Chemist: 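The following block contains the structure, expressed as structure tokens.
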Number of protein chains: 2
Amino acid sequence: MQEIKKRKTTGQITLFDVARYAGVGTMTVSRALRTPDRVSDKLRQKIQIAVDALGYKPNVAASLLASASANRVIAVITPKIYDHCAQLWLNSLQTHLAKEGYTTLLIESYHYYKLESQMLDALYSHNLEAILLFQVEDESFIKQILQSKIVPILNIGKDYDGLTNMNVGIDDSLAMYMLTEHVIKKGYQHIGLLCANQEYQIFQQRLHGWHKAMLAYHLPTHRVINAAKPANFSTGSELLPDMLLNWPELDALICTTDELACGVLYECQRRHIRVPYQLAVTGFGDNEFSQVSFPALTTVALPYKEIGEYSASLLLDNLKNKKVTHETDLSALAPVVRLRASV
Amino acid sequence: MQEIKKRKTTGQITLFDVARYAGVGTMTVSRALRTPDRVSDKLRQKIQIAVDALGYKPNVAASLLASASANRVIAVITPKIYDHCAQLWLNSLQTHLAKEGYTTLLIESYHYYKLESQMLDALYSHNLEAILLFQVEDESFIKQILQSKIVPILNIGKDYDGLTNMNVGIDDSLAMYMLTEHVIKKGYQHIGLLCANQEYQIFQQRLHGWHKAMLAYHLPTHRVINAAKPANFSTGSELLPDMLLNWPELDALICTTDELACGVLYECQRRHIRVPYQLAVTGFGDNEFSQVSFPALTTVALPYKEIGEYSASLLLDNLKNKKVTHETDLSALAPVVRLRASV
DNA sequence: TAGAAATGTGATAGCGCTATCAAACTTGAT
DNA sequence: ATCAAGTTTGATAGCGCTATCACATTTCTA
């Protein structure tokens, strides 16, 4: 039996207290809690009683330090949690990771502008097993994370030249190409693009997809408003007049988000513009309201749910040290155009 | 000088390595990093060079264990992060806490249904300083958290009989009362209520507020649809026909969320019902789209931004061990009715 | 210039836990 | 009954860090 000495302590109930109460060694208590099958039934029961009686809570910092084991915690960094895409993806990801016992720590990087290193320090203090970046565009920030490369990093979005350990690409450009192609094939000739949030690469990609499709079908690409405003409902309402003023011949308007498109639809109603007869309108993203709106919004859906699932499995495989080259049928991750009443 | 011995280590660069490289004691390195002003400039520079050269990253588990200090991390538990209210509140809260160097750990409790204790274990492993509950309704879950009462707990929402250490109430009932009163004063007589998500207390409170206002003005309270469906756009569109069928005399419809109301507006357009001339419609929450919609939605705004700010200051005061009874002008937290074109 | 006070630095002893290994106790085959 | 092999248990020695105190050094006061 281990020496029973008086220690000055933080007041917390420790393994030692439990061991003394149960009349066993600390190691046996530790085992009873971590690997119960390596302890006899009799002692295990005794120990359980002691744990309950004393209200013992393990000190995970000590456990981590002693075992140098990881924490089953992954961090997700994304600029804007409330984005519809982020919602779908996160929801799917978290569900899958929670099943495997992982806790997800969400960080909205927006709040840590100029506080990045502080935030990272706090992050690393959690003994993370991995970091996921979702549509993080700040390359210097990514590099800063990678510098202190102590855990695997999975990036969702544009691949920064293989900087990250793993990358799951999302092809916004392709999605917009497909959508534009559908509109073109419907016979529209004077197709404009309404792009907000132009400062973000992801919107540049959407613009690029439109541009490419227009060129491919020999259509003019000058009818573009590219604004540095939030891509929300009011911006849509606000910018429609400019579009109509500049290009009265417009017969279709492609918006880079469903919110913009929805704002445009409202403005059309205010101005008695009949959609799609006078003007066809599309969004991007297949948000919840796009199939309920009046008229229902033609849009393109990116498979964020599947991407979330794929991200989770890729990450879990990597953490389990299986092959990192996880071959999956990526066709399941292709964008889907939803043609509705507004085109 | 401290004995330089060979240790078996996890391979990580330790304080000891930095100390040896810089030719100082470990304690000096520790101080140079934690309390730089207690170390001479000369040694501090030397140590900084050693830290950079070796790429030293502190092991926070060890630091926590040795100092028994807290982590500047608070956890927020909420059933649904993507809720508009949660967004506003969280955004405001996080901004204020980030300024004070706190990192916010977001947990969507939905993902941990039946995994609560596992999730809590993971949570506690972070040496949290506090836990915030936002509109958590599962009382047994709250009790479970409180059982292991190791950190202050701040609850936002209904007060569970003083179970939590601190409580910031949000009066949904009052907000709905105010809204209903406005509608009544506009002269509407046949006022119905469309309530979804009836299983949640927060929606019961809204229903209650409507009921109370109707009684106060001697108006009938039977025109209610109380559905166990998600309070979203499509439910609004879907349930409007039932309302109209049951009560053709309806001249105003109050919806328990803006999403429901927006769905109702769309359905009105499909059915050529002129709002507000044939039917007035209101929402609840003042979501972004409610002022852009056509017609713009009359609704009531709860001051989640202010509540977030108040929560942050209350929590910070508590953590700093100032007076916990933080008196604030709570009138700033009162709901605000926004009368718009739809009523 | 001596002595007191303030400041800077390092050796030590844990924080609460687990890896490790040796000791004690089973079990089963001879 | 005996020994080999398996199983269960506990004492020990750290994990990497910081609180603490003692000692060394500097600065200030009389």
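Just so you know, these numbers use all the heavy atoms, side chains as well, and skip hydrogens, waters and symmetry mates. As the structure is a computational prediction, the values presented were derived from the model and not from experiment. Here is how names work: the chains are called A, B, and so on, in the same order as the sequence lines, proteins then strands, and each is numbered from 1.
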Chemist: Can any side-chain N or O of B/Arg44 pair as donor or acceptor with the backbone N or O of B/Pro36 at less than 3.5 Å?
Modeler: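 Yes, B/Arg44 side chain to B/Pro36 backbone: donor-acceptor pair under 3.5 Å.
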Chemist: May I ask you to evaluate whether B/Arg34 reaches the phosphate of D/dT18, defined as a side-chain N or O under 4.0 Å from OP1 or OP2?
Modeler: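 Checking D/dT18 against B/Arg34, a side-chain N or O does come within under 4.0 Å of OP1 or OP2.
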Chemist: When you compare the side chains of B/Gln48 and B/Asp52, does any donor N or O come within less than 3.5 Å of an acceptor on the partner?
Modeler: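 Side-chain D/A pair, B/Gln48 to B/Asp52: present.
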Chemist: Between C1' on D/dC15 and CG on B/Asn59, what's the gap in Å once rounded to a whole number?
Modeler: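 Roughly 8 Å, once rounded to whole Å.
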Chemist: Over how many whole Å does the gap from B/Leu64 atom CG to D/dT18 atom P extend?
Modeler: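 From B/Leu64 CG to D/dT18 P: 10 Å.
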Chemist: Using modelled atom types only, decide if a donor and an acceptor are shared between the side chain of B/Glu137 and the backbone of B/Gln201 within a distance under 3.5 Å.
Modeler: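 Indeed, once roles are kept as given, a pair shorter than 3.5 Å links the two residues.
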Chemist: To the nearest angstrom, how far is A/Leu65 atom CG from C/dA19 atom P?
Modeler: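 It is 12 Å, rounded to the nearest whole Å.
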Chemist: Of the non-hydrogen atoms in A/Val73 and A/Tyr102, which two are nearest, and what is the gap between them?
Modeler: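 Shortest heavy-atom contact: N-CD2, 4.0 Å.
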Chemist: For B/Arg31, which contact category applies under a 4.0 Å heavy-atom criterion: base, sugar-phosphate, or nothing?
Modeler: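 Since a base atom lies under 4.0 Å of B/Arg31, the category is base.
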Chemist: Both B/Leu43 and B/Ala62 contact DNA chain C. Which one's nearest nucleotide lies toward the 5' end?
Modeler: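 Mapping each residue to its closest nucleotide by heavy atoms, the 5'-most match is B/Leu43.
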Chemist: State whether B/Ser67 places a side-chain N or O below 4.0 Å from either non-bridging phosphate oxygen (OP1 or OP2) of D/dC17.
Modeler: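 No, because none of the side-chain N or O atoms of B/Ser67 sits under 4.0 Å from OP1 or OP2 of D/dC17.
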Chemist: What integer distance in Å separates A/Gln45:CD from D/dT9:P?
Modeler: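 In whole Å, D/dT9 P and A/Gln45 CD are 12 Å from each other.
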Chemist: With respect to the side chain of A/Thr14, which nucleotide from C/dT18, C/dG16, D/dG16 is positioned closest?
Modeler: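 The listed nucleotide nearest to A/Thr14's side chain is C/dG16.
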Chemist: From CG of A/Asp17 over to P of C/dC15, roughly how many Å is that when rounded to an integer?
Modeler: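 Distance check: A/Asp17 CG to C/dC15 P gives 11 Å.
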Chemist: Given atom CE of A/Met27 and atom C1' of C/dG16, what is their separation to the nearest angstrom?
Modeler: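 To the nearest whole Å, that distance equals 12 Å.
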Chemist: How long is the line joining CZ of B/Phe16 and P of C/dT12, in whole Å?
Modeler: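 So the two atoms are 12 Å apart, to the nearest Å.
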Chemist: What integer distance in Å separates A/Leu33:CG from C/dA19:P?
Modeler: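 Rounded to the whole Å, the gap is 13 Å.
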Chemist: Is there a side-chain polar atom (N or O) of B/Ser40 under 4.0 Å from OP1 or OP2 of C/dG8?
Modeler: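 So the side chain of B/Ser40 is outside the cut-off, no N or O lying under 4.0 Å from OP1 or OP2 of C/dG8.
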Chemist: Holding to salt bridge (Lys or Arg N to Asp or Glu O under 4.0 Å), I want the full list of residues that pass it with B/Asp17, two or more places apart in sequence or in another chain.
Modeler: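 Checked B/Asp17 against salt bridge (Lys or Arg N to Asp or Glu O under 4.0 Å); matches are B/Arg20.
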Chemist: Are A/Thr28 and D/dT9 close enough that a side-chain N or O sits under 4.0 Å from OP1 or OP2?
Modeler: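 For D/dT9, OP1/OP2 do not have a side-chain N/O of A/Thr28 under 4.0 Å.
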